[in-house]
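Here is how names work: the chains are called A, B, and so on, in the same order as the sequence lines, proteins then strands, and each is numbered from 1. The analysis underlying the following values was restricted to heavy atoms, covering all of them including side chains, and did not include hydrogens, waters or symmetry mates.
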Protein chains: 2
Amino acid sequence: MNSNNVTIYDVAREASVSMATVSRVVNGNPNVKPTTRKKVQDAIDRLGYRPNAVARGLASKKTTTVGVIVPDISNIFFADLARGIEDVATMYKYNIILGNSDSSRDKEVHLLNTLLGKQVDGIIFMGGRLHEDLVEEFKKSPVPIVLAATLNQGYDLPAVNIDYEQAAYDATKMLIDHGHDRIGFITGPLEQQINGEKKFAGYRRALEDSGLPFHEQDMILGNYTYASGLEAMQKMLERDDCPKAIFAGTDEMALGVIHAIQDAGYSVPDDFEVVGHDNTRLATMIRPKLTTVVQPMYDIGAVAMRLLTKILNSEEIEEKNVVLPHRIERRDSLRQD
Amino acid sequence: MNSNNVTIYDVAREASVSMATVSRVVNGNPNVKPTTRKKVQDAIDRLGYRPNAVARGLASKKTTTVGVIVPDISNIFFADLARGIEDVATMYKYNIILGNSDSSRDKEVHLLNTLLGKQVDGIIFMGGRLHEDLVEEFKKSPVPIVLAATLNQGYDLPAVNIDYEQAAYDATKMLIDHGHDRIGFITGPLEQQINGEKKFAGYRRALEDSGLPFHEQDMILGNYTYASGLEAMQKMLERDDCPKAIFAGTDEMALGVIHAIQDAGYSVPDDFEVVGHDNTRLATMIRPKLTTVVQPMYDIGAVAMRLLTKILNSEEIEEKNVVLPHRIERRDSLRQD
DNA sequence: CATGCGATATAAAACGTTTCCAAATGGAAA
DNA sequence: TTTCCATTTGGAAACGTTTTATATCGCATG
């Protein structure tokens, strides 16, 4: 009783109707007499018919599948985002094909082409930087593309983000307002726009606004990982003029920073204050709990997918460049006011 | 110059050959004269032809796509597993359709049917427990299914796991060998086989082997999260006869356990010793660093996918029930010997 | 110079739907 | 009754490949 290989034609014969009618029933087309509909439905149940989505995709040119390109799904940040995407996708009856790019230009381009070959109805892209080649490919895409937690560049794609510049400003400002005149800034590679153009800019603006100079050596670049945060802070601690306030580009780095400080025998927040970024689950899994910029990853994914469905349904779109609100979640890595 | 909607037929005309020949070239079939192959390849490049995988899937009944059913991709554990799957999938030119089940029977069944409707070539399933209905569906599946980090039940599917019973035994035994006669056991719901049948059994066997009695109250069930680990340990600490050694079912719970202990003013490992399970990245993101059972998530995913490719290629399979090795990574949450 | 054979190439039939257009049906109005 | 529409159904052509059976080509062989 393998429910396999029973086709719409078999159902049609079983129900003594044409396959067109079966198709209408399956697709909920209203132009079917109720008695006929029942007859067909019974045949479907009896035969255990399951529509072949591939054939359907070929005939209708819609696959109800969207592609998701992500640097690395094993990264908690992107995993959360992906979950947001998938939940909304499910809500709208889409499935997602997921691919990891490792932020490699070649893999991104290759993945994109594979997905287009599979006739996905749309694509959600995440990546640190939009290489030119990739943008060229994007321009040629026959299906809509939405960026999630990824800044546009040279081509005006729909995108969902927070205001990274302002967020970095807020975090830095908060530390300055706590009486620090030097703020350490430990973040990811500047090639990635979010760091190089946004967080860095916000950091500097906050310094300037408060009349503080920018010291090159107060900024250390890592690669987002715990280890790189730990290492960066260790390096910073070696200096006599080590900043007593640190803004870390990700929570994971912030944990490394805190541990480096503690390993050196200092206290957070008494000796050092630390602010992270993203508010991943990690933020509460450390003592002291981490004060951090809330970037709603799940929501970014969910909104990006919703935006994509709107585009796919040709619904009216008020704003294709969505900026979600951010805030700072105050926890114990910052002293009480 | 939209590379879209140029079909194999267009290429055939452009190259003055039949579409069958183009098909051969695209698929690397050797029965094509080199000059013809070149001619066709040129036409392909000139036109920017990209084969339509949907049409191909319909004609060949292969989609080079596999379905992956996972409880929750935002869980670091499954995210790692998924990454292993995807890497190997890419290696063998497959793509993956990813779906979250939240371990709900209904979602699992629904997802499975959706995937089968999409004509995936195979499925990798992860889930805490195989409900009967689901097993029934599995039996009817026209494509192979492989379990990853999921125990078989009532139907002999290919599966990739570690020896959870033995791992729990090893962890418990290690704590006993450190001089403890009561071992706290904090894990997830017993309905999930891995806990109820394996880890629990290993824990008890270790106790028995050492002539220790099993105390009901030394076991607390949570839901895998940090918060539930924290809470469980807090509850345990209220007791006078609180065990001084804890085996936690996941690293995340172990972190909660450690923090609960520290919050109460005790030291790990001086006052309490803790062993976790999984060796997720979290294990090194805490002080003291966590001693934990190494479950190679990435490898489990990778091996599961590799196993699936073997089945799909009808390669010979030495053992369809793969048990990967585990070990305990000793870190600072355990006292030096 | 015919014959035969391997190597290549072609034509056409699947594959399982959707969808357009035309046909049948069934009442209501005339 | 007819006539006419609206509703419901059916037929058949797409959709873009793979694949099978068949044809053609080129060339060595007898």
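- Rounded to an integer number of Å, the gap from B:Leu47 CG to D:dG16 C1' is 15 Å.
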message = Between B:Met126 and B:Ile85, is the side-chain contact (heavy atoms from CB on, under 4.5 Å) condition met? List the steps.
response = CA-CA 12 Å; B:Met126 282 152 273; B:Ile85 294 171; 3.6 Å; yes
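- Residue A:His110 places its NE2 atom among 12 or fewer non-hydrogen atoms of other residues, nucleotides or ligands, all under 6.0 Å distant.
- Within the 4.0 angstrom heavy-atom criterion, only backbone atoms of the sugar-phosphate kind lie near B:Val32; the bases stay farther away.
- Rounded to a whole Å, the CD1 atom of B:Ile44 is 10 Å from the P atom of D:dT17.
- Across every non-hydrogen atom of A:Lys310 and A:Glu316, the tightest pair is CD-O, 4.3 Å.
- Spacing between atom CG of A:Asp10 and atom P of C:dT17 amounts to 9 Å, rounded to whole angstrom units.
- Residue A:Thr36 places its side chain closer to D:dT9 than to any other of C:dT17, C:dT8, D:dT9.
- At whole-Å resolution of the value, CD in B:Gln119 and C1' in D:dT18 are 16 Å apart.
- Residue contacts for A:Val17: at a heavy-atom cut-off of 4.0 Å it reaches the sugar-phosphate backbone alone, with no base atom in range.
- When the nucleotides D:dT19, C:dT18, D:dG10 are ranked by their closest atom to the side chain of A:Ala20, D:dG10 comes out on top.
- For A:Tyr9, no side-chain nitrogen or oxygen approaches OP1 or OP2 of C:dT18 to under 4.0 Å.
- Checking C:dT17, C:dC15, D:dG10 against every side-chain atom of A:Ala55, the shortest atom distance belongs to C:dT17.
- Contacts of B:Thr21 with the nucleic acid, taken as non-hydrogen atoms under 4.0 Å apart, include base atoms.
- Counted within 6.0 Å of CD on B:Glu136, heavy atoms from surrounding residues, nucleotides or ligands total more than 12; the atom is thus considered enclosed.
- The distance from atom CE of B:Met19 to atom P of C:dT8 is 21 Å, rounded to the nearest whole Å.
- When B:Leu112, B:Leu308, B:Leu147 are each tested for a side-chain contact (heavy atoms from CB on, under 4.5 Å) with B:Ile123, only one passes: B:Leu112.
- In this structure, B:Asn52 places its CG atom 14 Å from C1' of C:dT17, rounding to the nearest Å.
- Rounded to whole Å, the distance from NZ on A:Lys118 to C1' on D:dG16 is 16 Å.
- Minimum atom distance to the side chain of B:Lys61 is reached by C:dG16, of the listed C:dT18, D:dC15, C:dG16.
- One can place CG of A:Asn5 at 16 Å from P of C:dA14, the figure rounded to the nearest angstrom.
- A close approach under 4.0 Å does not occur between any side-chain nitrogen or oxygen of A:Thr7 and OP1 or OP2 of C:dG16.
- Within 4.0 Å of A:Val26, counting heavy atoms only, lies no atom of the nucleic acid at all.
- Within the 4.0 Å cut-off from OP1 or OP2 of C:dT18, at least one side-chain nitrogen or oxygen of A:Asn27 is found.
- Candidate nucleotides C:dT17, D:dG10, C:dT8 were compared by shortest atom distance to the side chain of B:Lys33, and C:dT8 ranks first.
- For A:Arg24 against D:dG10, a side-chain-to-base donor-acceptor contact under 3.5 Å is present.
- Among the heavy atoms of the strands lying under 4.0 Å from A:Asn31 is at least one base atom, whether or not backbone atoms are also near.
- Looking at heavy-atom distances under 4.0 Å, A:Ser23 makes contact with a base.
- Comparing A:Ser60 and B:Ser60, the nucleotide of DNA chain D nearest to each residue sits closer to the 5' end for A:Ser60.
- Put simply, A:Arg56 has no side-chain N or O that comes within less than 4.0 Å of OP1 or OP2 on C:dG16.
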query = After noting the C-alpha distance and the side-chain angles of B:Phe125 and B:Phe138, does the key distance pass the ring pair (Phe, Tyr, Trp, His ring centres under 6.0 Å) rule?
reply = CA-CA 10 Å; B:Phe125 180 88; B:Phe138 280 172; 5.4 Å; yes
